[in-house]
There are 2 protein chains.
Amino acid sequence: MTSAALSKVMDTNPVVIRRMLAGIRDAGYVRSDKGHGGGWTLACEMSQLSLRDIYDALGRPTVFAVGHRKESPDCLVEQAVNASLTAALDEAEAVLLARFADVSLDQIASDVQKRLRARKTQQRRRQGTGGCGHV
Amino acid sequence: MTSAALSKVMDTNPVVIRRMLAGIRDAGYVRSDKGHGGGWTLACEMSQLSLRDIYDALGRPTVFAVGHRKESPDCLVEQAVNASLTAALDEAEAVLLARFADVSLDQIASDVQKRLRARKTQQRRRQGTGGCGHV
DNA sequence: TTCTCATGTAACTGCATAAGTTACATGATC
DNA sequence: GATCATGTAACTTATGCAGTTACATGAGAA
């Protein structure tokens, strides 16, 4: 799939797609090819790729919107607050990353399949009965 | 303590202090008084006030810097990713808030005391021996 | 070889959010 | 009434991210 096609689907810009996928490619999870027939292809088994892997490949961006004002404040109160805050944040981050590690791409793919079936069933129901008229 | 004094200590602006403390005052944890001798005073026991209480009083700001692009996307893949992401984020947020609830202000206060003693010991050591000359 | 397609990347432009600032109103105390 | 302190609206940076433009590079087709 090309960056242009992906950007349309994701309602954004081809360059944004390339910037994002660059890290994932460098980690070896996808491949990019130039020229005719080029674009992006998956380079590993979906079952071997987790959300955690992608998070790492993206450069482990900051997880939290909250945090310290200073890294090493002189103020002892600020130091004490930072210590408590850091302990709590670290623990929460560990939980989050563990959960990310639990989710592989094939799980997401099968979830998509499930949603696809659900959508089709709903469409059939609406057409078959002529629709309830509410939706 | 006045907003002006607090802003100096925290290296910021009096108005920023007032904006922050406004929510905490509305929740009843601190009091503000105008005029001579006015300023901010604690309105409850430090042991009864946790980081979680303060987080709530501040309006429960967004915890995570990562998240969805859209709340209700048409794209089934995006829906599936959102579902996995939300589950993980919710779990991490629950852990974080639980940790916040575990930390009361008097714990932080005693941590400050501990740090104060440690700093004094270090200062005495430096002065007593004439100092090592490195710091 | 030349044309076209696709990625790679630098550089720039919004755009949203938070912090900081200014200005002035309100109320309490001396 | 003078002074001190908060309350708040309005404005000004500062920052980071998404989006965009422009062009270089490389691969394949004609």
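Chain naming here is simple, since letters A, B, ... match the order of the sequence lines and numbering starts at 1 in each. Side-chain atoms are counted along with the backbone in the values below, which use heavy atoms only and exclude waters and symmetry mates.
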Letter by letter from the 5' end, nucleotides 16-23 of chain D scores (B base, S sugar-phosphate only, - none; protein heavy atoms under 4.0 Å) ---BBB--

| query | Going by distance alone, is a donor N or O of one side chain under 3.5 Å from an acceptor N or O of the other, for B/Trp40 and B/Thr2? | reply | no

Distances for protein N or O near nucleotides 27-30 of chain D N or O, under 3.5 Å:
none

Exercise for the section: State whether A/Thr2 places a side-chain N or O below 4.0 Å from either non-bridging phosphate oxygen (OP1 or OP2) of C/dT7. Expected result: no

* Asked: Are a donor atom and an acceptor atom from the side chains of B/Ser104 and B/Gln107 found within less than 3.5 Å of each other?
  -> yes

Taken to the nearest 0.5 Å, the spacing of B/Asn82 CG from B/Leu89 CG works out to 10.0 Å

Distances under 3.5 Å between nitrogen or oxygen atoms of protein and nucleotides 12-14 of chain D:
none

When clusters are formed by joining ILVMFWY residues with side-chain heavy atoms under 4.5 Å apart, either directly or through shared neighbours, do A/Val95 and B/Leu96 land in the same one?
-> no

Rounded to whole Å, CG of B/Asp26 lies from C1' of D/dT8 at a distance of 13 Å

Counting N and O atoms only, with roles assigned by atom type, does the side chain of A/Asp90 sit under 3.5 Å from a partner on the main chain of A/Ala87, one being a donor and the other an acceptor? no

Under 3.5 Å, side chain of B/Ser84 to main-chain N/O of B/Val81, donor-acceptor pair present? no

When rounded to whole Å, the CG to C1' distance for the pair B/Leu6 and D/dT6 reads 13 Å

Taken to the nearest whole Å, CD1/B/Ile17 to P/C/dG20 is 9 Å

(message) Are the side chains of B/Asp106 and B/Leu49 in contact, using a 4.5 Å heavy-atom criterion?
(response) no

Tightest non-hydrogen contact, residues B/Arg69 and A/Met10, listed as NH2-O, 4.0 Å

Notebook entry, point to check: Under 4.5 Å between any side-chain heavy atoms of B/Arg25 and B/Met20, yes or no?
Noted result: no

A/Ser3 and A/Ile17 have their tightest heavy-atom pair at O-CG1, 4.0 Å

B/Leu58 atom CG is separated from C/dA18 atom C1', nearest whole Å, by 13 Å

May I ask you to evaluate whether B/Ser3 reaches the phosphate of D/dA5, defined as a side-chain N or O under 4.0 Å from OP1 or OP2?
no

* Asked: Between the side chain of A/Gln79 and the main-chain N/O of A/Pro73, is any donor-acceptor distance below 3.5 Å?
  -> yes

| Does a side-chain N or O from A/Ser32 land closer than 4.0 Å to OP1 or OP2 of C/dT7, or not? | no

